[in-house]
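Down below is the structure, laid out as structure tokens.
Every chain is numbered from 1 and lettered A, B, ... according to where its sequence line falls, protein lines coming before strand lines.
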Amino acid sequence: MTMKLYHSPGSCSLASLIALEASGLDYDVIEVNTGRRENFSPAYLATNAAGKVPALRLSDGAILTENPAILAHIGDAVPDRQLIPLAGTLARARAHEWLNYLSSGLHIAYRSVFRPERLSTDPDAEDGIRAQGRIMVRDALAIVEGRLAVRNTAFAVSGMLSVCDTYLLVYWLWSYRDAVGADLPALPSYEALIMRVAAEPAVKTIFEREEITLPTTREPRL
Amino acid sequence: MTLTLYHQPGACSLASHILLEEAGLDYEAVHIDIHSGQNRAAEYLKINPKGRIPALRHGAEIITESPAILGYISGLVPDRAYLPEALIERSRVLEWMNWLSGSLHAVAFAALIHPDWFATSDAAQAEVKAKGATQVAEHFAAINQRLRGHDWAVGNTFTLVDPYLLVFYTWGCIFGMPMADYGHYRNHALRMNARPAVAKVMQAESVEAIG
């Protein structure tokens, strides 16, 4: 059975979609549009009770959740593609360092900016939650930049595109959303990495299919 | 090469401390006192610019993020199979780790412990905190269900997920949550505590909460 990715356009599942494309494996995509709340439909909740994307249906029919686990699974399924360093190596630890920080640090920071209602139902609290979120996003982006600046590899963890790079790409795109604002730290290493990532064939293929172009202008916060 | 774990007793670094002891590796544990802000001091920020614990030094390399550190320790003792060989089991380990690190620690417990990170007004902080407590309880119920009929989190053997699960169990005890209601999770904690290496580290960190 072909693997199936449950994906919402623009969400962090984009990283898994690009990883599947780069893997050379056959795969199907099932759109679960979170903007239309399709992730909370009974059918999808039966697939992933947490109502989150991505989820990956494996070849044996089982469901795998959590983006870093999905990304690592895709990478490990095709070791010759080197989409993730081999288990047991220092480079592999670096990959998990990236995946975990992006998932539990940067993604969570963005959540406060994009979905303040998840934290408080009081509309008066939204501005404060967004403001705190912007501080967390700026801090996390500065950490990402600092780490990228001291690496000695062309891509995040190796000389080739890895699932860490596809994941970094998602949060680069998110940094251009209006709610984030333009007052971000300087991100020269991050930007240079993304330019390299965007030139990769699998990324170009998915950008074209999903109608994504790299943004160039940050919107000042209202 | 010496292994040095930078940790705070009772914090999530407990899992890395336990796995180092379980592995029988030679290591040094250095207490970074987060209550006095040592993790934000210039000296520690040179080790981990994120100002978080745990961090693991191995020779010239420093590794951060609990799931990465636990995976790295597992790689130093491959015969112990703390990270299973089979792809699907390894992916299940990563699924557990990211869910615990993200949804339970960085979302639910962070809201409960640090509502000021997320909201500014007193009323909003109170709501964030209450929501965090509810989410922690939901996660504990889910963990309890998943451990039903299983001695360990993944497969039939101890993996790097198990010490990480114990961390959050002890936090539940500290926050006065009804851990006895989560019988399968409690049995898992007792099973963990029966391991000599775990008991030794729990004592070294003065963590006694089994509930």
Using a 3.5 Å distance criterion without hydrogens, assess whether the side chain of A/E97 forms a donor-acceptor pair with backbone atoms of B/T64.
yes
For chain B, which candidate among A/I108, A/N67, A/L90 shows the most heavy-atom pairs at distances under 4.5 Å?
A/L90
Short side-chain to backbone donor-acceptor contact, A/E66 and B/W96, under 3.5 Å
no
Could you give the distance from CD1 (B/I88) to CG (A/D60), rounded to the nearest 0.5 Å?
6.0 Å
Applying a strict 4.5 Å limit to non-hydrogen atoms, the region of B/L100 in contact with chain A is neither
Please answer whether the main-chain N or O of A/L64 pairs with a side-chain N or O of B/E95 as donor and acceptor at a distance below 3.5 Å.
no
Among B/P49, B/G71, B/P67, which residue forms the greatest number of heavy-atom pairs with chain A at distances under 4.5 Å?
B/P67
Honestly, the part of A/R130 sitting under 4.5 Å from a heavy atom of chain B is neither
For B/L94 and A/A72, work out which heavy atoms get closest and say how close.
CD1-CB, 3.4 Å
Which bit of A/T65 comes within less than 4.5 Å of chain B, counting heavy atoms only: side chain, backbone, both or neither?
both
d(B/S91 OG, A/D76 CG) to nearest 0.5 Å is 6.5 Å
So, do B/E65 and A/S104 sit near enough that their side-chain heavy atoms are less than 4.5 Å apart?
yes
Mind listing the closest non-hydrogen atom pair of B/F118 and A/R111 along with its distance?
CE2-NH2, 4.4 Å
Please classify the contact between B/K50 and chain A as side chain, backbone, both or neither, with a heavy-atom cut-off of under 4.5 Å.
both
So which part of A/I129 gets closer than 4.5 Å to some heavy atom of chain B, the side chain, the backbone, both or neither?
both
Measure across A/P68 and B/N98 and return the closest heavy-atom pair with its distance rounded to 0.1 Å.
CG-OD1, 3.1 Å
Is B/S101 in contact with chain A via its backbone, its side chain, both, or neither, using a 4.5 Å heavy-atom distance?
both
If one checks every heavy atom of B/R52 against chain A at 4.5 Å, the contacting part turns out to be neither
Using non-hydrogen atoms only, which part of A/S120 is less than 4.5 Å away from chain B: side chain, backbone, both, or neither?
both
Are the side chains of A/Q132 and B/T120 in touch, meaning some heavy atoms are under 4.5 Å apart?
yes
Do the side chains of B/I63 and A/R94 get nearer than 4.5 Å, heavy atoms only?
yes
Look at atom CZ of A/R151 and say whether more than 12 heavy atoms of other residues, nucleotides or ligands are closer to it than 6.0 Å.
yes
To the nearest 0.5 angstrom, please state how far the CG atom of A/N100 sits from the NE2 atom of B/H105.
10.5 Å
Of A/A93, A/A125, A/G133, the largest count of non-hydrogen pairs under 4.5 angstrom with chain B goes to A/A93
